[in-house]
Amino acid sequence: MMTPGLLRNELERGLQSSVRSIWGEAIPADFRADVSASDNLEFGDLSCQAAMRLAGIVKDNPRSIAGRIAEAMADSIEGISSFSIDGPGFINFRLKNGYLASVAFDLASGGLQPLLPDTGAGRNALVEYVSSNPTGPLTVGHCRQAVLGETISNLLEASGWTVSREYYFNDAGRQINLLGESLAARYLSAEGGETSVPEGGYHGDYIIDWASDLRALHGTGLTWASDPDTFIHFAEEKAMEMIRSGLSLLGIEFDRYFAESELIPEAVTDTIKRLSSITVDDMSLVYSDSEKLWLRFTALGRPKDRVIIREDGTYTYRMPDIAYHLDKFSRKYDLIVDIFGADHLDTSRDVTAALECLLGREVVSEKLRVVIHQFVTLVKDGSRIKMSTRSGEFVTLRELINDAGSADVTKYLFLTRRAEAHMDFDLGLAKKQSSENPVYYVQYAHARIAGILRRAGEAGISIPNEFSSGISKLLQGEYERELMRLLESVPVDVAAASDAMEPHRLTEILAELATGFHRFYQHVRVVDTDNRNLSAARLMLCGACRRCISDLLGILGVDAPDRM
RNA sequence: GCGCCCGUAGCUCAGCUGGAUAGAGCAGCGGACUUCUAAUCCGCAGGCCACAGGUUCGAAUCCUGUCGGGCGUACCA
């Protein structure tokens, strides 16, 4: 099967060998003749700009270089019908109609997956995301990360990776203690006690509900002084429950919730031992300062040394985080993906530096990929809202989904922006936006196609079972070709999105597909009982489009409805 | 102060491993439903790509600086 990816590879190889056969040694070893999609149909379907980049190297003008390259292209590449030299020196290629139609046929019959390059080849990837500590419900900020992580996981799976989704949380630190103490305060104050939420504690109303649940279960009489573990465990359980229910609203299921306490007891001490045995410029990586233990991050190229063990003997959170990452590496994954908010950037760099020092720079840079996303700023009535779980001021995931109308709308909205872009989210506009949301535009295209397929079924017309050149001869019209060209580029673009781990590109592709189909629909009649062969051929394009849309929406975790 | 991210149409954002006239959605204006779903399509209008330099045959894209916004700069996570 000639796939869009293979076609481009062969074309690039052909161009490269042609360049080498002409100029030989003058060409740098790493020279690549890239082929990309033409952004304007007038310039053909694919375009190569190697000639312009070679101009300086071989001392000739780009147009003449382009001519020589094209002339030397050995045999014509399967699927390419013609080329031309245009503009300053672009080599433009036109794709054969038969090839375009065959790709559409493959899409219609087997969906997107078989046409995607098998980059992962069954290797194992671990994706860590959300990883919010159990201190309260998931908020708008977590939502972006959850959706990002889930879609990246799906995208990796689409390109052949076996993905494990993991949620890491800290169940041993002082935050959990504070949470327990905050619960105790609510519990006791309901009994008329004077206790108030502790300094730095959690003020959210949800803790009041937990307190009454706790009384229902344990009655009265518990005190923070004598039963701290009861409060802590209850609070943690409740918080995890809230988090899980939030995630289920988004349709997200983790393969594993990894608690810090699950790290074997020696994991952290062993890590410290290993770090202690390392010296950089005759200085130990670990040093003590009276009662505290420091890690010399500055020796690893980081801006500041950090405390790793406090005076009371407890670890600061970088330490277990390093140990946890070592654990991940020891589990023999081929790819380890961390998804973090911008506030974790600095820490993540520290952890990476420590890992590079312990495992070797090559191993870490080969396996570890960190995706950092910027924050979501909530805007209400024109002004920004500062969110904080601790102060109890936040908008939950659930409220957000209710406001936006559905989980699908919410997910799609978050995925239209790239991770590094800051996001303003106007709550007041959420509802208004949702009725004119791009997701409906895409879903509507899908529903329209489903409608055509139903109608065709009633008329006894179906997509051909086998591909033949006769089919492509029926698809010569302007709108057919436009749609086929679009469909042909989808697998390549999806593969690129997967390699870059940039899910927002999928929403771009979807919007293009929907636009392409709506245009096609507007101008071309599909079901026509007087032209059954033509109908069947056009139906094939509809089927290809439908599969592409539903497969892509599937990767985003968004529903592809048959009726709207 | 220092580090990272961002600054593109009225609004929300794509485009950023340099390339052929800078794109989309929404908002605005004007057209298209006896025909497979008008949640659609077609057209018009809208831009010193924050600003100033630099590299290049060629810059929204790369480099430097300035301004503006976000995040971090904890013995919180």
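Each chain gets a letter, A, B and so on, in the order its sequence line appears, and its residues count up from 1. Computation of the quantities below employed the complete heavy-atom set of this structure, encompassing side-chain atoms and omitting hydrogens, waters and symmetry-equivalent molecules.
Counting to the nearest Å, the C1' atom of C36(B) and the CG atom of N531(A) are 15 Å from each other. Atom CG of D343(A) and atom P of G70(B) are 15 Å apart (whole Å). Rounding to whole angstrom units, CZ of residue R349(A) and C1' of U73(B) are separated by 13 Å. With rounding to whole Å, R448(A) atom CZ is found 11 Å from C33(B) atom C1'.
Inspection of the H344(A) and D338(A) side chains reveals no N or O donor paired with an N or O acceptor under 3.5 Å. In this structure, a donor-acceptor pair under 3.5 Å is absent between the side chains of N170(A) and N133(A).
Within 4.0 Å (heavy atoms only), R306(A) reaches sugar-phosphate atoms of the nucleic acid but no base atom. Residue H422(A) is in base contact, counting any heavy-atom pair closer than 4.0 Å across all strands shown. Using a 4.0 Å heavy-atom cutoff across all strands shown, R525(A) reaches at least one base atom of the nucleic acid. Among the protein residues, S132(A) comes within range of no part of the nucleic acid, since none of its heavy atoms lies under 4.0 Å from any strand. Within the nucleic acid shown, H344(A) comes within 4.0 Å of at least one base atom, counting heavy atoms only.
The nearest heavy atom of RNA chain B to R174(A) and to I91(A) marks one nucleotide each, and the one closer to the 5' end goes with I91(A). Mapping M423(A) and G451(A) onto RNA chain B by nearest heavy atom places M423(A) at the nucleotide closer to the 5' end.
Within the 4.0 Å cut-off from OP1 or OP2 of A74(B), at least one side-chain nitrogen or oxygen of K304(A) is found. Phosphate contact (OP1/OP2 of C57(B), side-chain N/O of R53(A), threshold under 4.0 Å): absent.
One donor-acceptor pair, N or O on each side, does fall under 3.5 Å between the base of A20(B) and the side chain of N92(A). Residue-to-nucleotide contacts include a donor-acceptor pair under 3.5 Å from the side chain of S47(A) to the base of A20(B).
In N533(A), the CG atom is not crowded: 12 or fewer heavy atoms of neighbouring residues, nucleotides or ligands sit closer than 6.0 Å. At most 12 non-hydrogen atoms from other residues, nucleotides or ligands lie less than 6.0 angstrom from CD of E393(A).
Stems are defined here as 3 or more consecutive Watson-Crick or G-U wobble pairs with pairing distances under 3.5 Å; those involving RNA chain B are B:1-7 with B:67-73, B:10-13 with B:23-26, B:28-32 with B:40-44, B:50-54 with B:62-66.
Residues in residues 520-544 of chain A take part in these salt bridge (Lys or Arg N to Asp or Glu O under 4.0 Å) pairs, two or more places apart or across chains: E480(A)-R538(A).
An aromatic stacking contact between F375(A) and the base of G70(B) is absent, as defined here by ring centres under 5.5 Å apart and ring planes under 30° from parallel. F43(A) qualifies as a stacking partner of the A20(B) base, centre to centre under 5.5 Å and near-parallel within 30°.
Taking every side-chain heavy atom of M52(A) into account, G19(B) is the closest of G72(B), G19(B), U40(B). Counting only heavy atoms from C-beta on, Q522(A) has its side chain closest to U40(B) among C6(B), A77(B), U40(B). When distances run from any side-chain atom of F90(A) to the nucleotides A77(B), U40(B), G19(B), the shortest one goes to G19(B). For Y441(A), the side-chain atoms get nearest to C41(B) when compared with the rest of A14(B), C41(B), C4(B). Nearest nucleotide to the side chain of Q374(A), out of A20(B), G70(B), U40(B): G70(B).
Ring geometry, W294(A) versus Y287(A): the interplanar angle falls under 30°, so the pair is classed parallel (tilted spans 30 to 60°).
Relative to the ring axis of Y479(A), R519(A) does not place its NZ or CZ within 45° and under 6.0 Å from the centre.
Taking the six-membered ring for Trp, F340(A) and Y129(A) have ring centres at least 6.0 Å apart.
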